[in-house]
Amino acid sequence: MTVNLLPMVEPEATVCCAPLTRETIEPEQADLLARKLKALADPTRLRLISMVAASEGEEACVCDLNEPIGLSQPTVSHHLKILMEAGFLTRSKRGTWAYYKLVPGALGELSQLLDVTASR
């Protein structure tokens, strides 16, 4: 029964505001949205999001991302940190390695904000 309640509560908790075309965005919301868009506005970060999402269990070790991206481990970790700070990824440590996973609904929330077809 609690499983049925979670989907009803979760969308309200994750959606921060109406689509941009429905109402004027507040300055704080504009700042947050700009930070999220800046985090995604990088080809390496877009590839990292894609690689993490396509990985088994939708989770990837930083050790498996360095070679395909073609950058050093510190550089890849820097990009992953930016994606974490923007709220797109979470990180868990296992031994010396960090594993990254998409935050459920983070990309969908951004999509809802940019949905120009939403009813007014």
Side-chain angles (χ1 to χ4, degrees):
M1 190 167 226
T2 34
V3 174
N4 292 337
L5 293 176
L6 286 176
M8 293 173 67
V9 173
E10 194 171 302
E12 291 175 5
T14 57
V15 176
C16 74
C17 42
L20 293 174
T21 57
R22 188 180 303 164
E23 60 187 44
T24 303
I25 191 169
E26 295 295 325
E28 299 81 24
Q29 293 171 329
D31 287 342
L32 177 61
L33 180 57
R35 276 186 265 134
K36 287 180 177 278
L37 291 172
K38 284 179 185 178
L40 289 178
D42 181 275
T44 298
R45 292 185 208 129
L46 286 174
R47 289 191 63 218
L48 286 168
I49 290 271
S50 176
M51 292 170 71
V52 169
S55 295
E56 186 176 331
E58 297 179 355
E59 180 180 58
C61 176
V62 68
C63 60
D64 296 326
L65 299 171
N66 298 330
E67 187 177 321
I69 289 292
L71 298 171
S72 68
Q73 186 273 323
T75 302
V76 171
S77 291
H78 170 74
H79 284 294
L80 291 166
K81 179 182 176 189
I82 290 170
L83 290 168
M84 278 183 31
E85 290 172 349
F88 294 113
L89 298 176
T90 59
R91 182 181 92 143
S92 62
K93 288 278 275 184
R94 295 185 201 148
T96 59
W97 294 110
Y99 288 78
Y100 293 86
K101 189 170 188 140
L102 286 175
V103 171
L107 293 173
E109 181 181 327
L110 189 58
S111 173
Q112 289 176 347
L113 286 170
L114 300 174
D115 184 5
V116 297
T117 62
S119 62
R120 290 182 171 241

Report the C-alpha separation of R47 and T44 in whole Å, then their side-chain angles, then the decisive distance to 0.1 Å, and conclude whether the side chain to side chain contact (heavy atoms under 4.5 Å, CB included) test is met. CA-CA 5 Å; R47 289 191 63 218; T44 298; 5.7 Å; no

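Of all heavy-atom pairs between E59 and S92, the closest is OE2-OG, 4.0 Å. The two residues A53 and L102 make their nearest non-hydrogen contact at CB-CD1, 3.3 Å. Closest of all the heavy-atom pairs between V62 and S77 is CG2-OG, 3.8 Å. Among all heavy-atom pairs drawn from A106 and G87, the shortest one is CB-O, 3.4 Å.
The line from CH2 of W97 to SG of C61 is 6.0 Å long, rounded to the nearest 0.5 Å. In this structure, Y99 OH and T90 OG1 are separated by 14.0 Å, a value rounded to the nearest 0.5 Å. In this structure, CE in M84 is found 11.5 Å from CD1 in I82, a value given to the nearest 0.5 Å. The distance from the CZ atom of R91 to the CG atom of L80 is 9.5 Å, given to the nearest 0.5 Å.
Linking ILVMFWY side-chain heavy atoms closer than 4.5 Å, directly or via other members, places L48 and F88 in a single hydrophobic cluster. Note: the hydrophobic cluster containing V103 does not contain L33 (ILVMFWY, side chain heavy atoms under 4.5 Å, direct or indirect links).
At a threshold of 4.5 Å between non-hydrogen side-chain atoms, the residues I49 and L107 count as touching. Side-chain contact between L32 and R35 is present, with heavy atoms from C-beta onward closer than 4.5 Å. Residues L71 and N66 form no side-chain contact, since every pair of their non-hydrogen atoms from C-beta on lies 4.5 Å or further apart.
Looking at S55, its side chain does come within 3.5 Å of a backbone N or O of M51 through a donor-acceptor pair.
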